[in-house]
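Written below as structure tokens is the structure these notes are about.
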Amino acid sequence: MTDTTFDRLGPRGWVTEKVFLGMPLGAYLRSLVTSGNLLVALILVPGIPAVVYRFVYGIGAVSNLTQANPWGLWIGLDVMSGVALAAGGFTIATLVHVLGLRDYQPIVRPAILTGFLGYLFVVIGLTADLGRPWNLPVPMVYSFGTGSVMFEVGWCVALYLTVLALEFSPAAFEWLGLRKLRAWALKLTLALTILGLCLSTLHQSSLGALFLMMPHRVHPLWYSGFVPIFFFVSAIAAGIAMVIVESALSHRAFAGRVAPGSHERLDRITLGLARAGALVLFAYFFLRLQGLVDSGRFDLLNTGYGYWFLFELIGFVLVPAVLFGLASRQRRARLARWVAGWTVIGIVVNRLNLSVITFNWNSPERYVPSATEILISVTIITIGVMTFRWIVNRMPVLADDPAFPPAH
Amino acid sequence: MDVSRRTFFKIAGVAGAAGIAGQPAKAEAASLAVSQAPAVLVDATRCIGCRGCEAACAEANGLPGPVAPGDEAVFEARRQTGVGAYTVVNRYAHPKAEEGYRFVKTQCMHCADPACASACLAKALEKTAAGPVVYHPDRCLGCRYCMVACQFDVPKFEFEKASPFVRKCSFCAERQAQGLPPACTSVCPTGALQFGRRGELLEEARTRIYQNPGTYVRHIYGEHEAGGTNWLYISDVPFDRMGFRTDLGTTSPPELTRTALAAVPVVLTLWPPLLMGLYTWTQRSRAAAAQSRSGAGAGHRQASRQGGEEASHD
Ligand code: SF4
Ligand code: SF4
Ligand code: SF4
């Protein structure tokens, strides 16, 4: 091992320094008793047994999924929404590494980490939804359903998860003090960024393409041959909005870990992202409008689903587009953050609209998730957030490690 | 700029490998001529609702026998196929009260270009060359995309099990391979189920419709629905009044996703060079900016060095 910290501290000292944040074990454990962790415990104490119960007794024992409604919250929230919200990784990496917008450099690592954990927990959530998750290697290793959109999604997600892990690895290597590996991983940056954008283009849109084969289930106002394009463009908006939200929350929650003076810098970044968000959301709005014109189903607008459709399109797309524009023009970072939060909710609503809320709209049997389904989703998201916190508290994510100055 | 060029080849190589893995296969259309495919003609005017087919299917597939055999009460509510019953017979009132009831057997339609098989990422559901759409349980991930993709709500899932499978009618593919007719058709006492070649059965259906003017609805359900199915229905009651979906259109569902799948190689071949171009361009303009700041001279060298740095900068 070329790790000088390790040589200096010895194994025990190393664990204390790197894992227990420099505290003796007792003090570290005491430091965990916080109101935030109490909330986490309140979720996990029933949540973990619920997950175990699901695997022992099957999906039917914990969910409201039926033969008529075989897809529910886990697909709509954990998978569809999770992937869209994890789009910040490829969006920001492309901005910085391909388009050379270095001002956004400080948010690359948090964005990549959010992306990586987002996808990781999408896959973990997926194993709860899959009836036979132990067969996940089948389409990867020997039975290729190449004519299936799901096959493409699966491959792209698996490859992109690997790309994200490699993209994040320099931070982990810095934490471990592995200089050679870090230098090697950094060399891959541009290649990984471009590969990440390719894979993201493919699977973000393919998640939408899954619905192309289901005009008999998706409500006509939401069904469109352009759904793959809607999904891709809105994923970019979701990624941008998620980065704004996540960086604002991180700066508050990890105030001690951010570099001095970075609040003003973050405001500038936020406003820049808000402008990009406005552009993307406007583009998305007009695309959706074109989808509506294309479907020609104006008659359906004057129905309950129609009002809900208009609410989504105007309330969650047009309004945030305008407000993002306003925020960036008037330089109101706070407003931009609220709009970003609203946008994130809007994209989740859109994914749920297609996969759950209006899905099977013409069938008499309606699906409402069970309490346990919600609990399992919340449990998985909670563990994801905790993992994020664990990493940010240890690795150089929000601020550079003084021992590893950035290359420029 | 040779650093960029090397990086480009690296990307192209990885992307190319991904492209091979994700390449959509040419649709595995049934290799058998459609008209030669094994098929069944269901004539609703001949079905007496004896449910012998349900019992035969249960026996052939090792399923629990049909519920309440011989009990008319099962017809009170419309039943669906399930994990324990791959076929069910339902009763519908004839629009003319004096005509009484009509019965319809449902099971997998064995589509010519099935949505379920094209949905399946592991080829657990597969359209065989012989015609039947069969299930390979050992490959299934339990994602249930096949269930939502099927327009006829056929695949059913063992939600109650910790190790669940998808269940559906196999068209008795194993019996057919041995030269036997499907179990259900072999026991039908009235000829309501006729097993044969699709082309011949379509002829037969047309003949019945023409030779009995005023009896049948002039439509063969399954001839064109969802791209065509190998179970065909004729009836004297409009199909929408007998539980059939009549809004499915004639496009085969996999057709709807082919354009999206065809975009995969396009994205993989166009994105990398495009992005490399953009990258080179942003590097150039940055270098130009630096040059105009620091005066002429070291400008170009600096540009190419910076290009290299950018690649190694996270
Ligand atoms: S009816 Fe459904 S399950 Fe049967 S072959 Fe067609 S798509 Fe597949
Ligand atoms: S549930 Fe099984 S058979 Fe159906 S699409 Fe998924 S892997 Fe294929
Ligand atoms: S073809 Fe075989 S599996 Fe299908 S309904 Fe008839 S008996 Fe059952």
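All figures in this text were calculated on a predicted structure; none of them were measured in a lab. Here is the naming used below: chain letters follow the sequence lines, and residue numbers restart at 1 for every chain.
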Output the option from [options] having the highest count of non-hydrogen pairs under 4.5 Å with chain A.
options                                : value
B:Ala117, B:Gly82, B:Cys143            : B:Cys143
B:Val83, B:Asp247, B:Val148, B:Leu270  : B:Val148
B:His136, B:Glu158, B:Met147           : B:Met147
B:Ser285, B:Ala260, B:Ala115, B:Ser163 : B:Ser163

Within a strict 4.5 Å, meaning less than it, do heavy atoms of the [X] and [Y] side chains meet?
X        : Y        : value
B:Glu225 : B:Phe244 : no
A:Met80  : A:Val356 : no
B:Val166 : B:Cys146 : yes

Enclosure of B:Arg79 CZ (heavy-atom neighbours >12, cutoff 6.0 Å): yes
side-chain contact (heavy atoms from CB on, under 4.5 Å) between B:Phe152 and B:Arg245: does it pass, once the steps are laid out? CA-CA 8 Å; B:Phe152 303 102; B:Arg245 270 192 89 152; over 6 Å; no
Out of [options], return the one with the most heavy atom pairs under 4.5 angstrom to chain B.
options                               : value
A:Leu126, A:Val149, A:Val56           : A:Val149
A:Ala185, A:Pro139, A:Ser143, A:Gly58 : A:Ser143
A:Leu99, A:Asn135, A:Leu197, A:Ile112 : A:Asn135

Presence of salt bridge, A:Asp129 and B:Arg144, under 4.0 angstrom: yes
Chain A contact via B:Cys120 - which portion, at a heavy-atom distance below 4.5 Å: backbone
Honestly, the part of B:Leu275 sitting under 4.5 Å from a heavy atom of chain A is both
Contact origin within [X] toward chain B - heavy atom pairs under 4.5 Å:
X        : value
A:Ser206 : neither
A:Asn362 : side chain
A:Met213 : both
A:Leu210 : both

Can a donor-acceptor pair be found, under 3.5 Å and without considering hydrogens, that links the side chain of B:Arg139 to the backbone of B:Lys123? yes
Hydrogens and angles aside, do B:Lys156 and B:Thr81 bring a side-chain donor and acceptor to less than 3.5 Å of each other? yes
Checking side-chain polar atoms at under 3.5 Å, does A:Tyr223 have a donor or acceptor matched by the opposite partner on A:Arg217? no
